[in-house]
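Quick notes on the structure that follows.
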Amino acid sequence: MCGIIGYCGPRPAAPILIEGLKRLEYRGYDSAGICVADHEVLTVFKKKGKIAELRKVVPAKLPGCYGIGHTRWATHGEVNDINAHPHVDEKNDIAIVHNGIIENYTSLREKLEEEGHVFHTQTDSEVIAYLIADLYEGDLERAVKQAVQLLKGTYGIVCMHRNEPGLLIGARNGSPLVLGIGDDEMFLGSDVTAIIAHTKQVVYVEDGEVVAVRADGFITTDLRDRSVDKKVETITWELQEIEKEGFDHFMQKEIFEQSQTILRALQGRLDHENGTGKLDGLNMSKQELHSIERVKIFAAGTSYHAGLLASYLLENIARIPCTTELASELRYRNPLVERNTVYFAVSQSGETADTLYAMRELQRKGARVLGICNVVGSTIPRESDGGVYIHSGPEIAVASTKAFTSQLTAFYLFTLLMARMRHMSLDQGRVFIRHLESVPDLVSATLAKAGELKVLAKKYSVAQDFLFLGRGTNYPVALEGALKLKEISYIHAEGYSAAEIKHGPIALINEKTPSLFLVPNDSLRDKVISNMKEVKARKGKVIAISVEGDNEVADIADDVFAVPAADELIHPFLMVVPLQLLAYYCALELGRDVDQPRNLAKSVTVE
Ligand code: AGP
């Protein structure tokens, strides 16, 4: 949710902290701040708003070669300068930055207030600084360990004390924390984007671990001071991948990367000779894969939509019963874990709290949980029983796009693998592969027509309400289209199965509410056309995403965007791209902050 960072080394800390926070800004952009120490004095700068506002108040030449920083997604306390992090104790001895939620902060705060302490913010995090100060007897690491054992909730914390120059203490429970190993300098961050400009050598801190970091090294222990050996891993991403590379926005770049990213998700995973998919990361033997009798998928947001679409593929093509659920609901409904059932946790960031905790709950019940994730080394892939990395590269824009089509690709591969282990013939498997291999070029051809969606956005971005309608595998795509428009243009949008609207939502239809229909030439085309006519009969405006040359649809709709003809199997890839672009251009028309829409954050690490 929030982004935290720490630096200790020979270089002035402030510019490094601010540059790192800029890269973490997609995790939360309500306010930001840094604390740098020099000659045993802690100096804090914090400001409401984006990093750009913070830059304005931090002196260019700020002495001090170690410090911490934070970019905030507000959970407790309004968005203002005071509630921004870092938080310090009353004597300005200790400074902390925190990502997560302290659920018992009120009782801790009341106890400290009874002892005469005076708090200055409305946040849950401030109590951490006060607790550490209260327990401090000259050893910051000890005080941190004692303090975190009083906390209920989630945290990724980095803190410093003015009397222990050059030392940073990091601790984690539920929120991600990565250590970066440089030459005579060290970094701490919520994720590798904060570190990659300086080093690719990283260590992932696990729950219950505390890391003491100095410029020349680090020591990891658990809360009972037992030493923990840590594996140093290498980041596989390049720095320029987290740059815009000439595009105006990360979202635009990530939409236009999709023909390459889908290709990357397919790379090395198509077995042409045997007409099947290869997913070695599942950690399952052929016998175990064959004994799967049911698949259950859980996720949040866009990942949930990818999982929902997968349930259609697995039942229809692999003939395996499959259901998809919201992770946040699954976690608390005391689910029954049945034999021969495989679960998939789908998450781009690999850190979404709802999905992570649902996974842990299922694993506690003995389930095998596989991950479909993008961020290498994130928590869900590290704690899952196996899975598939989708290799989309860093996805910086808050609105997920390329991860969606790569998640779909992973599920198409799994469907092929399962189907070939059951009723699908070698020839059918090879046909399936041919269709999958045609996707990147067909997506490029669809992207080449982006200009048409810019024109449609100009016309329809004035709408206050918008309906997205599809059937079959295009129902989850309609949900995804509505989510994209909502989250970046702030236009109220709903996705529905096109058949469902006559059971109520059709009451919303009027000349001002456009209905966008996904009408590929598949087995449900005629049904969707009837639904379009029902809306037209009520003077509703109809936009159709159809296939080139479908004149019947063009005659009914007010506006049409036609994708290249393709097999029904792969239509979802071609149907979703125009919806991503329409949302992007509508947001531009309305002057929205496309990459960092209001109230959102890229990785939701709190419940
Ligand atoms: C999608 O555009 C949103 N950013 C959001 O719904 C996101 O999909 C959801 O928070 C899940 O994130 P994850 O894939 O990283 O778990």
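Ligands are counted one by one from 1 in listed order, and the atoms in each one are counted from 1 as well.
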> Charged N to carboxylate O under 4.0 angstrom, Glu53 versus Lys50?
Replying inline: no
>> Going by the closest heavy atom to atom 11 (C) of ligand 1, which one wins out of Gly350, Ala345, Ala300, Ala583?
In response: Ala300
> Which of the numbered atoms in ligand 1 are below 4.0 angstrom from a heavy atom of Ala399?
Replying inline: 2 (O)
>> Measuring from non-hydrogen atoms of Glu351 to any atom of ligand 1, is the shortest distance under 4.0 Å?
In response: no
> Just distances here: any N/O of Gln407 and N/O of ligand 1 closer than 3.5 Å?
Replying inline: no
> Just going by heavy-atom distances, which of Thr352, Asn374, Thr302 is nearest to atom 1 (C) of ligand 1?
Replying inline: Thr302
> Is a side-chain donor or acceptor of Glu209 paired with a backbone partner of Glu206 at a separation under 3.5 angstrom?
Replying inline: yes
> Hey, are Lys22 and Glu25 close enough for a salt bridge, meaning a charged N less than 4.0 Å from a carboxylate O?
Replying inline: yes
> With a 4.0 Å cut-off on heavy atoms, does Val398 reach ligand 1?
Replying inline: yes
>> Please determine whether a side-chain nitrogen of the Lys or Arg among Lys253 and Glu245 lies less than 4.0 Å from a carboxylate oxygen of the Asp or Glu.
In response: yes
> Would you say Ser303 and ligand 1 have an N/O pair spaced under 3.5 Å apart?
Replying inline: yes
> For Lys602 and ligand 1, does the shortest N/O to N/O distance drop below 3.5 Å?
Replying inline: no
